[in-house]
Amino acid sequence: MSETFDAIVLGAGAAGMMCASAAGQRGRRVLLLDHAPEPGRKILISGGGRCNFTNIHTAPDRYLSANPHFAKSALSRYSPQDFLALVERYGIAWHEKTLGQLFCDGSARQIVQLLLDECAQGGVTLACGDAVRTVDHADSHFRVTFGQRTARAPALVIATGGPSIPKMGASGFAYDLARQFGLKVVQPRPALVPLTLSGEDALFRELSGVSADVIARCNKARFREAALFTHRGLSGPAILQVSSYWQRGDAVGIDFLPDRAPGWLIAAKRARPRAGLPAVLGEALPERLARALAERLDQSGELGAMQDKALAAIEAQLANWRFIPNGSEGYAKAEVTAGGISVAELSSKTMEARRVPGLFAIGEAVDVTGWLGGYNFQWAWASGWATGQAL
Ligand SMILES: Cc1cc2nc3c(=O)[nH]c(=O)nc-3n(C[C@H](O)[C@H](O)[C@H](O)COP(=O)(O)OP(=O)(O)OC[C@H]3O[C@@H](n4cnc5c(N)ncnc54)[C@H](O)[C@@H]3O)c2cc1C
């Protein structure tokens, strides 16, 4: 026997819970399904356990998508202030860490509890722990079998996220389902992910644990944040940010001294001709990094013995040190998945598939990927809310 609902939401993560609660509170009978034993597991591990739940600088240009305009509608109708108002209504203490990133003072579990309470207020039926076995569509209804049960509804929401961090139950299920209904999928790839180095660049791995405030560039992207050397290559916020724009073969350029004005090295030579490059670099960079850069530049002598032209060339190299990563650490370490269900298939207002009435896709499953810093949860809330209004 099958149970009937107004909508079935697949995936009790950030987007799915927001969508289910919004629809439930509008009087819809909603079934929210997840194969994991508990809802919101990525929320629990997010932001180092404190959940960077939004970013007050949210704007459409902080998202990657084949159609950069797609996210505008949903983001404008459910803003960071809307989610913050909800957080405050629940008395959850929060703080801005940096760059507009809002975190819980306490635990990410408070955000999961907020969403569960919101779902309960909407009378949402939550079913966790059973894998979805089949999904089909007939007589204007979607039929979902999971565990030993069957449910049907005129609306089905794909909110099962992307494949990043498979050990948390993440999967490419959203794409399989989208393809089953004839929707295009933009080639998914790991994003917000550490990059790996080989060959000459691999020498930098000896700096594992060293970090510096840099400008990292890749293609048109440019981020000023910390970069971290790791035993496999490069990480830290600046690198995670540019990784979303990186494709195999692309160079990542690093400005190791973003605050130094052009000509600074020549000025240093005039002021301290006896000083060596490692010492001068060490005034602005961690000592190990300063030494390693000077070594690779093959400069161990005094600045006074070097020609201005050579110093200008060194400056230029330090301002755009080119690494050619040989790969990334993949889905196992990627904070998000870029690509996904093509936005060309969806209404930007409701997230409903144009070709399959009643089918919706939200959150990370869709080809909309935010920067690091709370932008991805804001997309999950905004897209979930948009669909919640349409069910
Ligand atoms: C370590 C880490 C830290 C992060 N920190 C932040 C942060 O601080 N701020 C930020 O904005 N973003 C952060 N993110 C990104 C953020 O977690 C995601 O963008 C967001 O969770 C996407 O929401 P979603 O609901 O689309 O997908 P998810 O939250 O991934 O939810 C998808 C749900 O679907 C379920 N599911 C998957 N496959 C199936 C299936 N076959 N059947 C049934 N259910 C299924 C999963 O179990 C899961 O519960 C972080 C990600 C990671 C990995």
Side-chain angles (χ1 to χ4, degrees), residues 64 163-166 187-258 260 265 276-282 284-301 306-307 309-339 369 371-372:
L64 291 83
S164 55
I165 321 281
Q187 181 63 41
R189 61 178 201 282
L192 300 181
V193 64
L195 298 172
T196 54
L197 296 176
S198 65
E200 285 268 290
D201 288 343
L203 296 171
F204 279 94
R205 295 192 304 209
E206 76 198 24
L207 292 176
S208 180
V210 171
S211 77
D213 174 33
V214 305
I215 291 175
R217 294 190 189 85
C218 184
N219 297 316
K220 286 190 186 133
R222 177 187 186 276
F223 292 92
R224 176 157 187 178
E225 283 188 70
L228 169 73
F229 290 94
T230 71
H231 65 287
R232 295 191 61 191
L234 293 166
S235 187
I239 300 301
L240 298 183
Q241 297 281 32
V242 293
S243 75
S244 300
Y245 295 84
W246 179 84
Q247 308 265 11
R248 198 167 285 277
D250 289 342
V252 170
I254 297 210
D255 182 349
F256 281 111
L257 296 158
R260 296 290 163 114
L265 201 48
L277 190 61
V280 173
L281 292 180
L285 294 170
E287 199 207 321
R288 277 168 68 198
L289 176 57
R291 253 190 291 120
L293 292 172
E295 249 168 55
R296 277 164 191 68
L297 288 162
D298 206 12
Q299 299 299 339
S300 51
M306 294 162 72
Q307 301 208 335
K309 213 169 130 200
L311 291 173
I314 290 173
E315 250 185 58
Q317 195 162 349
L318 290 168
N320 189 18
W321 197 286
R322 280 164 59 87
F323 292 94
I324 312 265
N326 69 337
S328 79
E329 292 198 31
Y331 288 120
K333 291 283 165 62
E335 201 161 289
V336 285
T337 304
T369 306
W371 286 1
L372 184 76

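Computed from a predicted structure; not experimentally measured. The analysis underlying the following values was restricted to heavy atoms, covering all of them including side chains, and did not include hydrogens, waters or symmetry mates. Residues: numbered from 1 along the sequence shown.
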Check: Ser235 side chain, Pro194 main-chain N or O, donor-acceptor pair, under 3.5 Å
no
**OP:** Report the relative orientation of the aromatic rings in Trp321 and Phe256; use parallel for angles under 30°, tilted for 30 to 60°, perpendicular for over 60°.
**Re:** perpendicular
Leu192 and Gln241 have their tightest heavy-atom pair at CD2-OE1, 3.9 Å
Requested in this report: Starting from the C-alpha separation in whole Å, work towards a yes-or-no answer on side chain to side chain contact (heavy atoms under 4.5 Å, CB included) for Leu293 and Phe204.
Outcome: CA-CA 9 Å; Leu293 292 172; Phe204 279 94; 3.9 Å; yes
Between Ser244 and Leu64 the two heavy atoms that sit nearest each other are O-CD2, 3.3 Å
When every non-hydrogen atom of Val214 is compared with those of Ala227, the smallest separation belongs to CG2-CB, 3.6 Å
Residues pairing under salt bridge (charged side-chain N to carboxylate O under 4.0 Å, His left out) where one sits in residues 192-207, two or more places apart or in two chains, turn out to be Glu206-Arg296
Subject >> Verdict with reasoning, Ile215 to Phe223, per side chain to side chain contact (heavy atoms under 4.5 Å, CB included) >> reply: CA-CA 5 Å; Ile215 291 175; Phe223 292 92; over 6 Å; no
Those residues at least two apart in sequence (or on a different chain) that pass side-chain contact (heavy atoms from CB on, under 4.5 Å) with Thr337 are Pro163, Ser164, Tyr175, Pro188, Tyr331, Glu364
For Leu311 and Leu265 the tightest heavy-atom approach is O-CD2, 3.6 Å
When rounded to the nearest 0.5 Å, the distance separating OG1 of Thr230 from CG of Leu207 is 10.5 Å
- prompt: Is any side-chain heavy atom of Thr196 closer than 4.5 Å to a side-chain heavy atom of Pro325?
  reply: no
Is any side-chain heavy atom of Arg189 closer than 4.5 Å to one of Gln247? yes
Nearest heavy-atom approach of Thr369 to Gly339 is OG1-N, 4.0 Å
May I ask you to say whether Glu287 pairs ionically with Arg291, meaning some side-chain N is under 4.0 Å from a carboxylate O? yes
Those residues at least two apart in sequence (or on a different chain) that pass side-chain contact (heavy atoms from CB on, under 4.5 Å) with Gln187 are none
By side-chain contact (heavy atoms from CB on, under 4.5 Å), Ile165 pairs with (sequence neighbours left out) Lys42, Lys167, Met168
Donor-acceptor contact below 3.5 Å, side chain Arg322 vs main chain Gln317: no
- Spell out, as yes or no, whether a donor-acceptor pair under 3.5 Å connects the side chain of Ser211 to the backbone of Leu228. no
dist Asn320:CG -> Ile254:CD1 (nearest 0.5 Å) comes out at 9.5 Å
Sorted by chain and number, sequence neighbours left out, ring-ring contact (aromatic ring centres under 6.0 Å, His included) with Tyr245 holds for none
Applied to residues 224-246, the salt bridge (charged side-chain N to carboxylate O under 4.0 Å, His left out) test, sequence neighbours excluded, yields Asp213-Arg224, Arg224-Asp259, Arg232-Glu329
Handout entry: Atom CZ of Arg222 with >12 non-hydrogen neighbours under 6.0 angstrom
Key = no
>> Does any part of the side chain of Met306, heavy atoms only, come nearer than 4.5 Å to the side chain of Ile314, both counted from C-beta?
In response: yes
Smallest heavy-atom separation, Ile239 atom then Ala216 atom, equals CD1-CB, 4.4 Å
field: Test item: Phe229 and Leu289 side chains (from C-beta on) under 4.5 Å apart, heavy atoms
entry: yes
